[in-house]
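In what follows, a structure is listed as structure tokens, so that the remarks can point back to it.
In this text the structure is predicted, and so the values were computed from the model without any measurement.
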Amino acid sequence: MKKKRAVAGGLLLVLGIAQSVSAGTTTVTYHVDPSYMVLVPANTTIPFNEESVNYGKIRIEEAQIEEGKCIQVELISDKKLKNQSGKEGEIPYEILADTTAFTKARYTTAGEETVLGITIDRESWKKAPSGSYADTVTFQISYVDATD
């Protein structure tokens with residue numbers, strides 16, 4: 001009989017402990033900061049008298065952006081090749097996306113791209129004095145509201 005009471009008492013003790021444990025909940029959170037990688041055209045040499053050359057492309061390699069946001073790439077240049085030899089002289093040019101002058105574009109997804117070309121008209125080549133010419137093209141990359 002003592003054995004049965006000891007076992008019964010032990011079971012009551014175990015049941016009492018089991019009943020005192022309560023269930024709980026926790027929250028697991030994680031925040032992904034916006035990030036993106038944009039490739040832009042590298043330095044380019046335009047062969048003499050070429051009216052149209054490939055300039056490369058703007059390509060979104062990675063894009064983790066918030067809803068309602070986008071990556072804006074704006075081209076800043078005066079679009080004039082300047083004579084570097086100290087002589088006067090400029091060669092005007094255009095940077096095109098397809099057949100339209102490129103000024104800026106917006107992107108939201110990795111893999112998006114814009115192929116660019118440079119055009120110089122024949123008359124501008126004819127008017128250019130001898131020498132080396134160069135211009136700086138800046139690609140300004142911004143993270144902006146998609147509705148702006």
Side-chain angles (χ1 to χ4, degrees), residues 9-148:
L11 286 175
L12 287 175
L13 180 61
V14 171
L15 290 175
I17 292 172
Q19 290 175 353
S20 68
V21 175
S22 63
T25 60
T26 62
T27 302
V28 177
T29 61
Y30 182 73
H31 177 77
V32 178
D33 288 327
S35 68
Y36 49 90
M37 182 169 45
V38 180
L39 299 179
V40 297
N43 294 342
T44 300
T45 299
I46 302 169
F48 179 68
N49 275 338
E50 285 293 323
E51 293 182 55
S52 180
V53 296
N54 180 16
Y55 185 37
K57 59 187 164 187
I58 298 167
R59 179 170 170 79
I60 308 304
E61 286 293 308
E62 297 174 14
Q64 288 183 300
I65 61 176
E66 299 166 289
E67 189 174 322
K69 297 285 191 176
C70 66
I71 303 159
Q72 178 174 284
V73 180
E74 183 173 4
L75 184 141
I76 301 169
S77 170
D78 61 8
K79 298 182 186 129
K80 293 177 185 170
L81 296 167
K82 293 159 207 70
N83 194 321
Q84 303 296 295
S85 63
K87 297 179 184 176
E88 291 211 14
E90 295 179 335
I91 303 172
Y93 68 95
E94 284 292 328
I95 297 176
L96 306 175
D98 292 321
T99 57
T100 306
F102 181 86
T103 55
K104 67 181 171 182
R106 291 183 166 195
Y107 308 92
T108 58
T109 308
E112 287 182 282
E113 63 185 26
T114 302
V115 176
L116 301 175
I118 295 177
T119 60
I120 299 173
D121 67 63
R122 174 82 46 212
E123 289 304 310
S124 294
W125 279 121
K126 288 180 182 179
K127 293 177 187 176
S130 64
S132 294
Y133 290 78
D135 187 30
T136 300
V137 176
T138 302
F139 291 92
Q140 183 172 316
I141 300 167
S142 308
Y143 187 65
V144 299
D145 287 332
T147 57
D148 287 345

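At least one side-chain heavy atom of Ile141 sits less than 4.5 Å from a side-chain heavy atom of Ile71. Side-chain atoms of Ile76 and Val137, non-hydrogen and from C-beta on, never get closer than 4.5 Å to each other. A heavy-atom distance below 4.5 Å is not found between the side chains of Leu75 and Thr138. Side-chain contact between Leu96 and Tyr55 is absent, with no heavy atoms from C-beta onward closer than 4.5 Å. Side-chain contact between Ile120 and Pro92 is absent, with no heavy-atom pair separated by less than 4.5 Å. The closest side-chain heavy-atom distance from Val144 to Cys70 is below 4.5 Å. Side-chain contact between Phe139 and Glu74: absent, with no pair of heavy atoms (C-beta onward) separated by less than 4.5 Å. Tyr143 places a side-chain heavy atom less than 4.5 Å from the side chain of Pro34.
Side chains of Glu61 and Tyr36: no donor on one and acceptor on the other come within 3.5 Å.
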Evaluation steps, side chain to side chain contact (heavy atoms under 4.5 Å, CB included), between Ile46 and Leu81: CA-CA 10 Å; Ile46 302 169; Leu81 296 167; 4.2 Å; yes
Verdict with supporting geometry, Tyr107 and Thr109, side chain to side chain contact (heavy atoms under 4.5 Å, CB included): CA-CA 6 Å; Tyr107 308 92; Thr109 308; over 6 Å; no
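Using a 4.0 Å cut-off between a side-chain N of Lys or Arg and a carboxylate O of Asp or Glu, Lys82 and Glu90 do not qualify as a salt bridge. Under 4.0 Å is where a charged nitrogen must lie from a carboxylate oxygen, and between Glu51 and Arg122 at least one such pair does.
Here the closest non-hydrogen pair linking Lys80 and Tyr93 is N-CE2, 3.3 Å. Contact detail for Ser85 and Ser130: the closest heavy-atom pair is OG-O, 4.3 Å. Shown here for Pro41 and Gly56, the closest heavy-atom pair between the two residues is CG-C, 4.2 Å. The two residues Thr108 and Ile65 have their closest heavy-atom pair at O-CD1, 3.4 Å.
Residues satisfying the side-chain contact (heavy atoms from CB on, under 4.5 Å) test with Ser35, not counting sequence neighbours, are Gln64. With sequence neighbours excluded, the residues satisfying salt bridge (Lys or Arg N to Asp or Glu O under 4.0 Å) with Lys126 are Glu123.
Thr44 places a side-chain N or O within donor-acceptor distance of the main-chain N or O of Ala42, the cut-off being under 3.5 Å. Side-chain atoms of Arg59 do not come within 3.5 Å of backbone N or O of Thr114 as any donor-acceptor pair. In this structure a side-chain-to-backbone donor-acceptor pair under 3.5 Å is missing from Asp135 to Ser77. Checking side-chain atoms of Glu50 against main-chain N and O of Pro47 turns up no donor-acceptor pair under 3.5 Å.
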Table please: side-chain donor-acceptor pairs of residues 97-106 below 3.5 Å, with sequence neighbours left out.
from	atom 1	to	atom 2	distance (Å)
Arg106	NE	Gln72	OE1	2.9
Arg106	NH1	Asp145	O	3.2
Arg106	NH1	Ala146	O	3.1
Arg106	NH1	Asp148	O	2.9
Arg106	NH2	Gln72	OE1	3.0
Arg106	NH2	Asp148	O	3.0

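In this structure, CD1 on Ile91 lies 8.0 Å from CG on Asn83, to the nearest 0.5 angstrom.
The aromatic rings of Phe48 and Trp125 lie perpendicular to each other, with more than 60° between the two planes, well past the 30° mark.
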